[in-house]
Structures are given as C-alpha cells and as structure tokens.
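To start, the structure under review is shown below, and the notes come after it.
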Amino acid sequence: MGVKVLKFGGSSVADGIQLEKTRKIIESDPDRRYIVVSAPGKRFEVDNKVTDLLYLCKTHMDQNLPYDQLFQVIEDRFNAAKMNLGIDVDLQKHFDVILQKMKSGASADYIASRGEYLSAVLVAAYIGYDFVDTAGLILFDKKGRLLAEETNRALSAELAKHEHAVIPGFYGSDKETGEIVTFSRGGSDITGALVSRAVNAEMYENWTDVSGFLMADPRIVKDPRPIDRISYKELRELSYMGASVLHEDAIYPCRVENIPINIRNTNQPEDPGTIITAEEETSEKIVTGIAGSRDFTVIAIYKNMLAAEKGFVRRILMILEDFDISIEHMPTGIDTISVVLADSAIDGRLDEILEEFNAQLKPDNIEVFEDISLIATVGYGMNRRAGVAARLFTALADAKVNIRMIDQGSSEMNIIVGVENRDFENAIRAIYAAFS
C-alpha cells in the first residue's frame, strides 16, 4: 500500500522478550520499512530506564564521583539482550567511544542520547536493517530550535538511499557545530513524525504499552471506552488538558503532510489502537474524550464600563508577561474578565501579581479563586447537536459539583469547566457517564 514508519517506545525495546515482539510486528508487514527506537525502558516496576542511568552518569561526572559501575549496568543491559537474541554486533566499540567522550567532558545531551543510539545499533543488527544516525540529519540552530525544513530535506535525501532503516529517536545535532542536541523527554515521538514526513509515509505507527487513547483517564473512570479515531485538533485539545500518550510536538510534522498516526500496543498487537487524522469524525459520536488538570487559580477582575476601555486586555497580558506567566484561559463578560493561571506558573507570586493588577488596571474589585481544576469535554460532534451543554451541566448538577468557571472555544469543539480540586474526579466521572 505504501511506506509505514514505526516508532517503538522504551517499554517495547526494554529487553530481549520485548525485542522479539517488535521483530514479529515489523516482519508481519513488508510496508514497515523505517523503524525509530527509544532507549530501553523499565523491564519491571523497580527497574531503571537507560536514559535515567545515563543522566545519573552525567551527574556523577559533574560532581567528580565515579560512574564506571553505572555505565557497566548500561553495558550489561545491552549485552544481555544481544546474548539472549543471538545478535551479531560489536557493541564494545560503541561503548568504548562513549566512555572516551564522557572522560573528555561530553555534554549532557550527548550522554543522554546514547541510549537511543545503542538501541538503534542493536535493533538494526537484530532485524537486518541499515542503521542510520540522526546526527547531521535532524538539525537544530544554535538556540536549540528544530530547523524543520532543513531537517526534512536532509532526512529525505539520506533515507532515499535505504530501503529499510533503523533510526535512533530523541536527538539530532547542531547544524553549525555538529554537537548532539536532544528533544525534551519523549522526543522519540517527534523523530518518528519527522521521518514519516521525510519519506512521505502512508502511516506513522507509534508502538507503546497502551492500546491507543481512552475516552477518560482509567485511574478515574473504570474501563473507559477506547477512542477509535480522533482528529489532530481534538487530540491537541485533550493533550493540552493533560491526556498524554503521544508527545504533542509529534503531531505537526504529520499534520503538514496529512499522514495518519496510529497508536498501537506492542504487547497486544492485534488491537487496532487509535487512528489520528486531519479529518473530523463523521459518526454519531458526540464527545471524543474528557481530560483535565488540577491546581489552577482564577483571578476575576471587575470594572465598570470595562468593555469600553481600550487596551485593558493588553495591559493584563503585559503584566503577566513581565512575570513570565502564560494565560491558560480568559473568560470575559461586559464588565468582568477572568484570567486562569497555573499554580506552577504563579510560583508563590500571587500577591505581587495582584498588586500590579490593582496599580495598573485600577479595577473596582478583584476576586481570587484558588484550588481550581479545569476539565475539557472535547468532540466535533458537540457543535452539531442541540442540548450538549445542558446535558453536561445537568450531569454535574446531579453529581452535586459546583461549576466555578465555563469557557467554550469558538470552534464549539470543546467545553471547559472549572471546578474545585476536591470535585475533580467526581466531575470527570459524571461527564463520562452522561456521554459514554
């Protein structure tokens, strides 16, 4: 049908048992030609991720503490998989290079990236694919920002030379210096998306330890329904509110080329998982998913004739910019405006913020509501049905949940409600029950 790019997360390449599963998945479909791998993750609950061990090595280096035994643990992990699977590859030469660079004061990015590097070397030898390093192909500027178009050209040109390849996730390099640069944690998802765009893939399969997205958090709602299909826009809304299976920056490269993303479970490969596409769902489904986050503060500002006062919102934004704080939401009325801020962003500076608001905005009154949770109910079907909001609010009222804030996007694709932290889980269960 077309080229497929697969990304396997840390749990999928954690040991020989998991690597056998990945090989069967790859070999079951000849279109699965480009494989992106993470560093080995945990094999069991109290185990360590290889990336965490590498960061610990760097910490020991910085504090002039011995790190040889730590690195030996990493070597043992890879050598055990190599031996158990009978892989013919010389890992020692790679270990030696890494250790030499560490002794020469290698950067944190270089050290952290070696888990993915070694994982790709091992997997390439195991399945018989070419190894293609992302250093020199995924390019960053001197400020650590991805050079998307240059990366796409470099990856396209190189991967055209390889019918099959295994590619390490998580890192690239500085365009000018060639030094290794990493994405944020979970960045192997981004690598998979960049490779998918570069080879114009028919599908980007992201293999992890869950069978796609669920309609609600299973830690809150018992056995929530799986989401079969979701649009990029819906996923963006849910990810923003805390639903995380895929790194949010992994969406854009696929969205640009309209490449579907399929979230799959390495341990249950028969499950179809969740398909993420540009097109909105046209089924009878009203709500796609429910997600939320705790610990916000709402600052409600009241001023007579506020709507007629020019520059009022701009001054609010400038004050918060001076505090280096982003606004989460900004519901408004004729004479009122509320700003919703994450407690982590406020960071104990609420009194200072209020002082600036009073000094520069001269409001008639300011009220502060703390310990607020935000819950987003998301779905394209919402804007095609009458009574959706009434159904949601009735469900919350029946559950005796007091709504402290309501905000609906202009797309009518989501409704966000603010409730007290103590009502967070009860509210999600009530909304789920109303729409599942």
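Throughout, residue positions are numbered sequentially from 1 according to the sequence presented.
- Minimum interatomic distance between Ala430 and Ala399 (heavy atoms only, all atoms of both residues): CB-CB, 3.8 Å.
- The heavy-atom pair separating Ala125 from Val89 by the smallest distance is CB-CB, 3.7 Å.
- Contact of the Met61 side chain with the Met102 side chain is registered, since non-hydrogen atoms from C-beta on lie closer than 4.5 Å.
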Take Ile98 and Ile74, measure what side chain to side chain contact (heavy atoms under 4.5 Å, CB included) needs, and give me the verdict at the end.
CA-CA 12 Å; Ile98 295 167; Ile74 296 168; over 6 Å; no
Give the C-alpha distance, both sets of side-chain angles, the deciding distance and a yes or no for salt bridge (charged side-chain N to carboxylate O under 4.0 Å, His left out) between Arg404 and Glu420.
CA-CA 7 Å; Arg404 305 303 298 266; Glu420 293 181 15; 3.1 Å; yes
Can you list the steps and then say if Leu246 with Leu235 is a side chain to side chain contact (heavy atoms under 4.5 Å, CB included)?
CA-CA 9 Å; Leu246 182 72; Leu235 178 60; 4.2 Å; yes
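- A donor-acceptor distance shorter than 3.5 angstrom exists from the side chain of Thr274 to the backbone of Ile227, with no hydrogens or angles considered.
- Here the CG-OG1 distance, from Leu139 to Thr134, works out to 10.0 Å after rounding to the nearest 0.5 Å.
- Side-chain N or O atoms of Asp209 include none that pairs as donor or acceptor with a backbone N or O of Asn267 at under 3.5 Å.
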Just do the ring pair (Phe, Tyr, Trp, His ring centres under 6.0 Å) check on Tyr34 and Tyr204 with the steps written out, would you?
CA-CA 10 Å; Tyr34 299 100; Tyr204 169 29; over 10 Å; no
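- Note: Ile353 CD1 to Ile346 CD1 = 5.0 Å, rounded to the nearest 0.5 Å.
- Atom CG of Asp88 has 12 or fewer heavy atoms from other residues, nucleotides or ligands within 6.0 Å.
- We find the OG1-CD1 distance between Thr22 and Ile127 to be 7.0 Å, quoted to the nearest 0.5 Å.
- Of the possible polar contacts, none joining the Lys7 side chain to the Thr191 backbone as a donor-acceptor pair under 3.5 Å is found.
- Aromatic ring orientation, Tyr117 versus His94: perpendicular (interplanar angle above 60°, classes split at 30° and 60°).
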Could you go through Asn426 and Val419, starting from their C-alpha distance and side-chain angles, then the distance that decides it, and tell me whether this counts as side chain to side chain contact (heavy atoms under 4.5 Å, CB included)?
CA-CA 10 Å; Asn426 191 26; Val419 303; over 6 Å; no
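- Atom CG of Leu56 sits about 14.5 Å away from atom NZ of Lys49, to the nearest 0.5 Å.
- In plain terms, the two heavy atoms of Gln18 and Thr266 that are nearest each other are NE2-CG2, 4.5 Å.
- Counting non-hydrogen atoms of neighbouring residues, nucleotides and ligands closer than 6.0 angstrom, the CZ atom of Phe393 exceeds 12 such neighbours.
- Residue-environment remark: CG (Asp76) exceeds the threshold of 12 foreign heavy atoms within 6.0 Å.
- Two residues are said to be in side-chain contact when any heavy atoms from C-beta on lie closer than 4.5 Å; Tyr232 and Ile261 meet this criterion.
- Other residues, nucleotides and ligands contribute only 12 or fewer heavy atoms inside 6.0 Å of the CD1 atom of Ile17.
- At a threshold of 4.0 Å, the pair Glu149-Arg197 counts as salt-bridged, since one of the basic side-chain nitrogens sits closer than that to a carboxylate oxygen.
- Using a 4.5 Å heavy-atom threshold, the side chains of Lys233 and Arg255 count as touching.
- Aromatic ring pairs are classed by plane angle as parallel below 30°, tilted from 30° to 60° and perpendicular above 60°; the pair Trp207 and Phe8 is parallel.
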Show, in sequence, the C-alpha distance, side-chain angles and deciding distance for Glu45 and Lys42, and conclude whether the salt bridge (charged side-chain N to carboxylate O under 4.0 Å, His left out) test is met.
CA-CA 7 Å; Glu45 184 62 32; Lys42 291 184 177 183; 5.0 Å; no
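- Looking at Arg391, its side chain does come within 3.5 Å of a backbone N or O of Ala434 through a donor-acceptor pair.
- No side-chain heavy atom of Leu85 sits under 4.5 Å from any side-chain heavy atom of Leu122.
- For Arg23 (side chain) and Tyr126 (main-chain N/O), a donor-acceptor pair under 3.5 Å exists by modelled atom type.
- Residue Met330 places its CE atom among more than 12 non-hydrogen atoms of other residues, nucleotides or ligands, all under 6.0 Å distant.
- Put simply, the side chain of Tyr67 reaches to within 4.5 Å of the side chain of Leu99, judged on heavy atoms.
- Residues Lys285 and Arg225 have side chains not in contact (no heavy-atom distance under 4.5 Å, counting atoms from C-beta outward).
- Judged purely by atom type and a 3.5 angstrom limit, Arg264 has no side-chain atom pairing as donor or acceptor with the backbone of Gly273.
- The two residues Pro253 and Ala193 come nearest to each other via the heavy atoms CB-O, 3.7 Å.
- The two residues Ala124 and Val166 have their closest heavy-atom pair at CA-CG2, 3.7 Å.
- Checking Glu270 against Asn265 by side-chain atom types alone, no donor-acceptor pair falls below 3.5 Å.
- Of the possible donor and acceptor atoms, none in the side chain of Glu234 sits under 3.5 Å from a partner among the backbone N and O of Val378.
- Enclosure of atom CD in Glu367 by more than 12 non-hydrogen atoms of other residues, nucleotides or ligands within 6.0 angstrom is indicated.
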Apply salt bridge (charged side-chain N to carboxylate O under 4.0 Å, His left out) to the pair Asp141 and Lys143, showing each step before the final yes or no.
CA-CA 5 Å; Asp141 67 15; Lys143 293 185 178 180; over 6 Å; no
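- The closest side-chain heavy-atom distance from Leu392 to Val417 is below 4.5 Å.
- Taking CG of Asp29 as the reference point, atom NZ of Lys4 lies at 4.0 Å (rounded to 0.5 Å).
- A distance-only check finds a donor-acceptor pair linking the side chain of Arg77 to the backbone of Ala14 [under 3.5 Å].
- Taking all atoms of both residues into account, the shortest heavy-atom contact from Ile180 to Ser113 is CG2-OG, 3.6 Å.
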Decide yes or no on side chain to side chain contact (heavy atoms under 4.5 Å, CB included) for Ile220 and Phe424, but give the supporting numbers first.
CA-CA 9 Å; Ile220 298 173; Phe424 178 69; 3.8 Å; yes
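- Taking the centre and axis of the six-membered ring of Tyr171, the NZ or CZ atom of Arg114 falls inside the cone set by 45° and 6.0 Å.
- Looking at Ser119, its side chain does come within 3.5 Å of a backbone N or O of Ser38 through a donor-acceptor pair.
- The line from CD1 of Ile337 to OG1 of Thr332 is 6.0 Å long, rounded to the nearest 0.5 Å.
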Take Lys142 and Glu179 through the test salt bridge (charged side-chain N to carboxylate O under 4.0 Å, His left out) and record every step on the way to the result.
CA-CA 10 Å; Lys142 61 184 178 181; Glu179 292 292 315; over 6 Å; no
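- If you check the side chains of Asp295 and Asn421, you find a donor sitting under 3.5 Å from an acceptor.
- In this structure, Leu374 and Met405 have side chains that are in contact, with non-hydrogen atoms separated by less than 4.5 Å.
- In this structure, the side chain of Asp189 does not engage the main chain of Asp249 through any donor-acceptor pair within 3.5 Å.
- Arg349 forms no cation-pi arrangement with Phe323, by the criterion of a distance under 6.0 Å to the ring centre and an angle within 45° of the ring axis.
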